[in-house]
Amino acid sequence: MLSEKEILIIQKATMFDLKQILEANPDKTYTVEEMKALIDAYIAGLQ
């Protein structure tokens with residue numbers, strides 16, 4: 001089982017990855033549906 005510190009590290013790494021994806025297209029505006037699809041694709045890629 002993961003410790004709270006390990007979980008926090010994973011959460012921060014995930015947010016960093018998503019931030020990098022969003023910064024790749026700084027002029028793009030995302031809808032809620034596009035954000036959900038982006039997050040789903042990220043999760044699917046981790047499995």
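All figures in this text were calculated on a predicted structure; none of them were measured in a lab.
Residues L22 and M35 form a side-chain contact, since some pair of their non-hydrogen atoms from C-beta on lies under 4.5 Å apart.
Note that CG of D17 and OH of Y42 are 3.5 Å apart. Values are rounded to the nearest 0.5 Å. Residue M15 holds its CE atom at 8.0 Å from CD of Q11, rounded to the nearest 0.5 Å.
The backbone N or O of T31 lies less than 3.5 Å from a partner atom in the side chain of E34, making a donor-acceptor pair.
Cluster annotation: F16 is not connected to I39 through the hydrophobic network of ILVMFWY side chains, with a link wherever side-chain heavy atoms come within less than 4.5 Å. Under the 4.5 Å side-chain heavy-atom criterion for grouping Ile, Leu, Val, Met, Phe, Trp and Tyr, I10 is not connected to L8 through any hydrophobic cluster.
Here the closest heavy-atom approach between residue Y30 and residue I21 is recorded as OH-O, 4.4 Å.
Within a 6.0 Å sphere centred on NZ of K5, heavy atoms belonging to other residues, nucleotides or ligands number 12 at most. By the neighbour-count criterion of 12 heavy atoms within 6.0 Å, atom CD of E23 is densely surrounded, having more than that number from other residues, nucleotides or ligands.
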